[in-house]
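Since the model is a prediction, treat every value here as computed from it, not as a measurement. Residue indices begin at 1 and follow the sequence shown.
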Amino acid sequence: MRFHVVSLPHTQVTKEFSGCAYTEKVRRFCMMMKDLGHTVILYAGDRTDAPVDELVICISEERRAQAVGNLHYTQASFDTNALHWRIFNTNVIRLMQSRLEDQDFICLIGGYAHKEIADKYPQYISVEFGVGYGGVFSKYKVFESYAWMHSIYAGWKNPTTVDGQFFDTVIPGYLEPDMFPLGKGKGDYYLYIGRLIERKGYNIAQEVCERLGKRLILQAPANKKATASSLDQ
């Protein structure tokens, strides 16, 4: 099979940008599809360390950096009226046209920000292959969890009448094992990695460790300008 995988205009599909969950999803998806013997054409910036058959450059590094400015790349705008999105989506649409073949798949990770790409090629199957966001639009979707799938269903209309679609599926977030080496289990602490906001559950980890009398280390993403801290109980 042939997959046309579209990334984002404000990142590069490399480990350097792994702090962006969407970009990292793209990188790992490319790796998995190539491992399975499929053809992967990636539409992105001018660098990638993902194994692809072709990297189609849709935005320059200079323009990408301008879009990010002094922000962390995960805080760049998803406003499709912004210049970097207009440039990127326009180039994706133009450059994809000569590469599409019958029965190819268009794989999108940006939700509504990528909708105009799917709209341009309605004769092809466009798939949102890693739905962990709210702005879904396509007929074909792969969700990251059943909880999120049903949350999206409930948001469409009266949740008591939503049946979903039989071909909707869930594939939990995939990872590259080498990036998460296992220790020997001799640490004297528990570790939380993620954003320090209540819906991510860090407060539950804190409560558990307080009750157990264990040390908890909280590691927040660098883009939130927080450093590792520890709670010794």
Side-chain angles (χ1 to χ4, degrees), residues 2-31 33-34 38-101 104-142 144 221-224:
R2 288 167 47 90
F3 297 94
H4 298 259
V5 184
V6 183
S7 189
L8 303 175
H10 49 268
T11 60
Q12 299 279 10
V13 185
T14 66
K15 283 186 178 181
E16 179 185 357
F17 290 82
S18 61
C20 173
Y22 300 103
T23 302
E24 188 67 352
K25 193 89 174 180
V26 168
R27 192 177 72 86
R28 293 170 182 172
F29 180 77
C30 292
M31 293 171 62
M33 294 304 101
K34 283 303 300 175
H38 300 304
T39 298
V40 176
I41 302 169
L42 174 63
Y43 301 77
D46 59 9
R47 302 198 313 270
T48 186
D49 54 25
V52 298
D53 293 275
E54 182 182 6
L55 171 62
V56 182
I57 300 172
C58 298
I59 192 167
S60 68
E61 170 58 18
E62 179 182 11
R63 184 67 70 181
R64 185 205 69 78
Q66 288 176 356
V68 173
N70 294 325
L71 300 173
H72 190 271
Y73 57 84
T74 57
Q75 296 175 300
S77 172
F78 265 74
D79 179 3
T80 54
N81 292 315
L83 181 59
H84 63 292
W85 272 103
R86 299 306 315 150
I87 292 172
F88 185 78
N89 282 353
T90 297
N91 284 335
V92 170
I93 291 170
R94 176 177 61 84
L95 295 168
M96 188 178 287
Q97 183 173 14
S98 62
R99 292 169 171 82
L100 283 168
E101 298 179 4
D104 283 5
F105 292 90
I106 299 174
C107 301
L108 305 171
I109 197 65
Y112 264 105
H114 280 160
K115 184 177 184 296
E116 65 179 305
I117 300 171
D119 289 345
K120 182 65 176 181
Y121 298 109
Q123 68 272 39
Y124 294 91
I125 294 178
S126 290
V127 183
E128 292 181 81
F129 66 94
V131 177
Y133 47 84
V136 297
F137 70 89
S138 64
K139 180 179 180 180
Y140 301 100
K141 297 173 288 295
V142 177
E144 293 190 341
N223 60 294
K224 300 305 179 183

List the atom of A113, the atom of N89, and the distance in Å for their closest heavy-atom pair.
-> O-ND2, 2.9 Å
Looking at F88, Y73, F78, Y22, which one forms a ring-ring contact (aromatic ring centres under 6.0 Å, His included) with H10?
-> F78
Roughly how far, to the nearest 0.5 Å, is the [atom2] atom of [Y] from the [atom1] atom of [X]?
{"X": "S7", "Y": "H114", "atom1": "OG", "atom2": "NE2", "answer": "7.0 Å"}
{"X": "E62", "Y": "R64", "atom1": "CD", "atom2": "CZ", "answer": "11.5 Å"}
{"X": "H72", "Y": "T74", "atom1": "NE2", "atom2": "OG1", "answer": "5.0 Å"}

Before giving the answer on side-chain contact (heavy atoms from CB on, under 4.5 Å), spell out for V127 and V142 the whole-Å C-alpha distance, their side-chain angles and the decisive distance to 0.1 Å.
-> CA-CA 8 Å; V127 183; V142 177; 4.3 Å; yes
Is there any salt bridge (Lys or Arg N to Asp or Glu O under 4.0 Å) pair reaching into residues 112-133, and which pairs are they, with sequence neighbours excluded?
-> R86-E116, K115-D119
Does E24 reach the side chain of F17, with side-chain heavy atoms less than 4.5 Å apart?
-> no
Side-chain touch I125/K139, heavy atoms, less than 4.5 angstrom = no
Salt-bridge test for D49 and K15: reply yes if a basic N is under 4.0 Å from a carboxylate O, no otherwise.
-> no
Among all residues two or more places apart in sequence or in another chain, which pass the ring pair (Phe, Tyr, Trp, His ring centres under 6.0 Å) test with Y124?
-> none
D53 side-chain N/O to V40 backbone N/O, donor-acceptor pair under 3.5 Å | yes
